[in-house]
Protein chains: 2
Amino acid sequence: MKTTGEIIRERREKKGLLLRQLAAQLDIDAAILSKIERSDRKDTKEQISKIADILGLNKKKLIIQYLSEKIAYEIADEESAKQVLKVAEKKVDYLKRNQNDTRKH
Amino acid sequence: MKTTGEIIRERREKKGLLLRQLAAQLDIDAAILSKIERSDRKDTKEQISKIADILGLNKKKLIIQYLSEKIAYEIADEESAKQVLKVAEKKVDYLKRNQNDTRKH
DNA sequence: ATTTATCTTGACAAATTATGTCAAAATTAT
DNA sequence: ATAATTTTGACATAATTTGTCAAGATAAAT
């Protein structure tokens, strides 16, 4: 199962881009990009979006990949991780049905 | 669909505890507890755990409730929210299978 | 084998977000 | 109306995230 970082690295290398070249386009230090590709640091959603643009990756897919990874790590060490996701699904449904409620979060 | 805050408030009131009394036991300001119960502020996992103890709520359930709520809000405004959860489930499975790998996150 | 380019790592800095305190305003109960 | 409780918002402090930089490690080229 590939990590977001691995996907990015593979694509970057296929395109023949250097770390520092992609980093420059993203306007971040190459050190950070290196860490992102090695799953040492999380990237921001903005960066993911830019990366998809630059590397010509399917943006929607990459964002799904990125968010699901974030969530998975958030709860992976919970014994009830899967139940958490089940309940979260119900809650998402509920929230989506009541999108224009007045409450703040 | 009840929020974590609502669950806490209902139980607290059933037990006849005042905000400041429960807050004192949690060692936080009553203002924060008020906000937690009104979903204005997230509580920490530690607090959830203490609250379950004090109010005699099922700790496992309350933590599932709390984590799923956190996740739901995290992705509720994503159009692909449900796919994200599906993929997250796979990733959790994967992570749980390889618990003793060497990588850091 | 040595030099050069690329990538990785860790210590630190800046920025952002989370968590908490306090006091005054609003609400509810007496 | 008074007193008790809860709510709100401005602000302070703490924790986490995100970034920079420079030195070390690895790989590629000569």
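Labels below follow one simple rule: chain letters A, B, ... track the order of the sequence lines, proteins then strands, and each chain is numbered from 1. A quick note: this is a predicted structure, and the numbers were derived from the prediction, not measured.
For the pair A:Leu33 CG and C:dT9 C1', the interatomic distance rounds to 15 Å; values are reported in whole Å. Taking atom CG on A:Leu26 and atom P on D:dT20, their separation rounds to 12 Å, with Å as the unit. For the pair A:Ile48 CD1 and D:dT18 P, the computed distance is 12 Å after rounding to whole Å. One can place CZ of A:Arg20 at 12 Å from C1' of C:dT4, the figure rounded to the nearest angstrom. Remark: P of D:dT18 and NZ of A:Lys45 are 14 Å apart, rounded to the nearest angstrom. Atom CG in B:Asp40 sits roughly 10 Å away from atom P in D:dT7 (whole-Å rounding). Atom NZ of B:Lys42 is separated from atom P of C:dA18 by 5 Å (rounded to the nearest Å). Rounded to whole Å, the distance from CG on A:Asp43 to P on D:dT17 is 13 Å.
Place B:Leu17 and A:Arg41 on DNA chain D by their nearest nucleotides, and B:Leu17 ends up nearer the 5' end. Where B:Asp29 and A:Leu19 meet DNA chain C, the nucleotide closest to each residue was compared, and A:Leu19 sits on the side nearer the 5' end.
Look at B:Gln21 and you won't find any side-chain N or O under 4.0 angstrom from OP1 or OP2 of D:dA4. At C:dC7, none of the side-chain N or O atoms of A:Arg38 fall inside 4.0 Å of OP1 or OP2 (strictly under the cut-off). Contact check, A:Gln47 against D:dT17: no side-chain N or O comes under 4.0 Å of OP1 or OP2. Residue B:Arg12 places at least one side-chain N or O closer than 4.0 Å to OP1 or OP2 of D:dT6.
One finds the CD1 atom of A:Ile63 at 6.5 Å from the CD atom of B:Glu78 (value rounded to the nearest 0.5 Å).
For C:dT30, the paired base is D:dA1 (Watson-Crick or G-U wobble, both distances below 3.5 Å).
Checking D:dT7, D:dC21, D:dA4 against every side-chain atom of B:Ser34, the shortest atom distance belongs to D:dT7. Side-chain atoms of B:Ala31 lie closest to D:dG9 of the nucleotides D:dT20, D:dG9, C:dC7. For B:Ile32, the listed nucleotide lying nearest its side chain is C:dT21; candidates were D:dT6, D:dT17, C:dT21. Distance from the side chain of A:Arg9 is smallest for C:dC7 among the nucleotides D:dT8, C:dT9, C:dC7.
No engagement by B:Glu37 is indicated, since no non-hydrogen atom pair under 4.0 Å with the nucleic acid exists. The residue B:Leu18 sits close only to the backbone: its heavy atoms come under 4.0 Å of sugar-phosphate atoms, none of a base. Within 4.0 Å (heavy atoms only), A:Glu13 reaches no atom of the nucleic acid at all.
For A:Asp77, the CG atom sits in a packed shell: over 12 heavy atoms of surrounding residues, nucleotides or ligands are nearer than 6.0 Å. The number of heavy-atom neighbours closer than 6.0 Å to NZ of A:Lys61, taken from other residues, nucleotides and ligands shown, is 12 or below. Crowding of A:Asn58 atom CG: a count of heavy atoms from other residues, nucleotides or ligands under 6.0 Å exceeding 12.
Checking each of A:Ile48, A:Asp53, A:Ile51 against A:Lys59 for a side-chain contact (heavy atoms from CB on, under 4.5 Å) leaves exactly one that passes, namely A:Asp53.
At a threshold of 4.5 Å between non-hydrogen side-chain atoms, the residues B:Leu22 and B:Leu26 count as touching.
For B:Lys35 against C:dG20, no side-chain N or O and base N or O form a donor-acceptor pair under 3.5 Å.
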